[in-house]
Number of protein chains: 2
Amino acid sequence: MPTPLEACAREVLDVMPLVMRTVRAEMRRHRAPGLTVPHFRALAFLGNNAGASLSEVAEHVGLQLPSMSTLIDGLVTRGLVSRAPSATDRRRVTLNLTPSGQATLATSRRHSQDKLAARLASLSATEQATIMQAMQALRVAFTPEPESAQPG
Amino acid sequence: MPTPLEACAREVLDVMPLVMRTVRAEMRRHRAPGLTVPHFRALAFLGNNAGASLSEVAEHVGLQLPSMSTLIDGLVTRGLVSRAPSATDRRRVTLNLTPSGQATLATSRRHSQDKLAARLASLSATEQATIMQAMQALRVAFTPEPESAQPG
DNA sequence: TATTGTTATACTCTATAACTATA
DNA sequence: TATAGTTATAGAGTATAACAATA
């Protein structure tokens with residue numbers, strides 16, 4: 001007989017991959033500029049944290065530095081992100097969304113959001129509110145603790 | 001100003017990758033026999049659906065048939081899954097967990113569950129209950145229907 | 001001819017290791 | 001010496017295409 005906490009963990013473990021698979025499949029089907037979930041999350045982070053460094057994005061998205069370097073490289077090549085040396089510390093890079101990046105983010109987010117919303121629309125308003133609350137609680141529990149650098 | 005439904009979709013889109021990244025990282029760290037999330041989900045499905053065919057597992061996990069064939073191949077090689085021709089239709093394959101597979105599933109599930117539970121323990125009992133309810137609602141909304149929305 | 005599954009092949013994503021540049 | 005980032009290289013994981021076997 002599992003405790004409520006155990007049951008909750010198991011349910012999360014069971015259901016989240018199910019949801020993410022749908023999201024991923026939809027992103028792939030849409031395939032605007034081949035935006036994967038990590039691409040998307042990097043763009044979203046830069047949308048909220050203009051001028052962030054590579055390390056900050058990497059930590060937030062959960063990739064190693066070389067992987068994020070490559071990922072950002074692709075976004076720079078595609079003209080979605082600008083990359084420049086920091087004025088105060090020339091080891092660092094300053095990352096920003098270009099106008100095109102902002103537009104792409106908005107479009108892609110809208111698309112994924114709409115597809116997700118279409119699914120969620122089959123649920124009651126109460127259930128939707130419950131999901132909203134659950135996500136907010138999970139965000140708190142799973143936001144990585146800043147070890148060295150904290151974005152403004 | 002987004003509607004509640006839109007806000008909910010956006011929150012899901014934002015938070016779920018955050019959670020799944022932690023789960024994945026933990027699985028990788030544990031690295032029992034290199035069980036990935038899809039491996040795990042395939043084992044879990046077979047645990048609940050003994051004798052399932054390859055197509056059934058593939059549909060549930062959300063992989064293409066060749067990918068699932070390879071994945072199952074690895075599980076068979078590792079002695080976690082048995083694979084035999086179906087008695088009634090020899091094109092089909094009958095998949096089952098071996099005792100070792102059952103044990104591995106239990107151990108891995110317990111491990112991931114424990115790690116997840118440790119995170120969730122920082123939340124209140126009310127929040128945990130909310131998450132539980134949210135997952136149950138999401139499960140309903142995202143369980144793939146056997147409809148022919150997925151052509152072959 | 002249609003369905004189930006496997007094999008062959010290639011591509012994407014991410015990691016580790018080695019390196020450069022700056023502090 | 002330590003930190004930020006890049007480049008080189010390798011290895012998982014998954015997809016598409018071609019194939020084999022059965023219905």
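Order of the sequence lines fixes the chain letters, A, B, ..., with proteins taken first and strands second; residue numbering starts at 1 for each chain. Please read all numbers here as calculations on a predicted model, not as lab measurements.
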Need to verify one output field. Residue with the more 5' nearest nucleotide on DNA chain C, B:S55 or A:H39? B:S55
Earliest and latest nucleotide of DNA chain C, 5' to 3', sitting under 4.0 Å from a non-hydrogen atom of chain A? C:dC13 to C:dA23
Could you check whether A:S86 gets within reach of a base, just the sugar-phosphate, or nothing at all, counting any heavy atom under 4.0 Å? nothing
Round to the nearest Å and state the distance from A:L54 atom CG to D:dA4 atom C1'. 8 Å
Rounded to whole Å, how long is the line connecting atom CD of A:Q64 with atom P of D:dT7? 18 Å
Could you tell me whether the side chain of [X] and the main chain of [Y] form a donor-acceptor pair under 3.5 Å?
| X | Y | answer |
| --- | --- | --- |
| A:T98 | A:G79 | yes |
| B:Q128 | B:L123 | yes |
| A:S108 | A:T104 | no |
| A:R92 | A:S53 | no |

Report yes or no: do A:T88 and A:S86 form a side-chain donor-acceptor pair below 3.5 Å? yes
How would you list all residue pairs meeting side-chain hydrogen bond (donor to acceptor under 3.5 Å, both in side chains) that involve residues 8-20 of chain A, not counting sequence neighbours? A:E11-B:R139, A:D14-B:R139
Expected list for residues 65-73 of chain A near DNA chain D, using heavy atoms below 4.0 Å, is A:L65, A:P66, A:S69
In this structure, CZ of B:R41 is separated from CG of B:L63 (nearest 0.5 Å) by 9.0 Å
With sequence neighbours excluded, tell me which residues meet ring-ring contact (aromatic ring centres under 6.0 Å, His included) with B:F40. none
Which donor-acceptor pairs under 3.5 Å do the side chains of residues 68-76 of chain B make with protein atoms, sequence neighbours left out?
| unit_1 | atom_1 | unit_2 | atom_2 | d |
| --- | --- | --- | --- | --- |
| B:T70 | OG1 | B:P66 | O | 3.1 |
| B:D73 | OD1 | B:R83 | NH1 | 3.0 |
| B:D73 | OD1 | B:R83 | NH2 | 2.7 |

Between the protein and nucleotides 21-23 of chain D, which nitrogen or oxygen pairs are less than 3.5 angstrom apart?
| unit_1 | atom_1 | unit_2 | atom_2 | d |
| --- | --- | --- | --- | --- |
| D:dA23 | OP1 | B:R90 | N | 3.0 |

Stepwise side-chain contact (heavy atoms from CB on, under 4.5 Å) check, B:M1 with B:E6: CA-CA 9 Å; B:M1 185 72 175; B:E6 286 172 341; over 6 Å; no
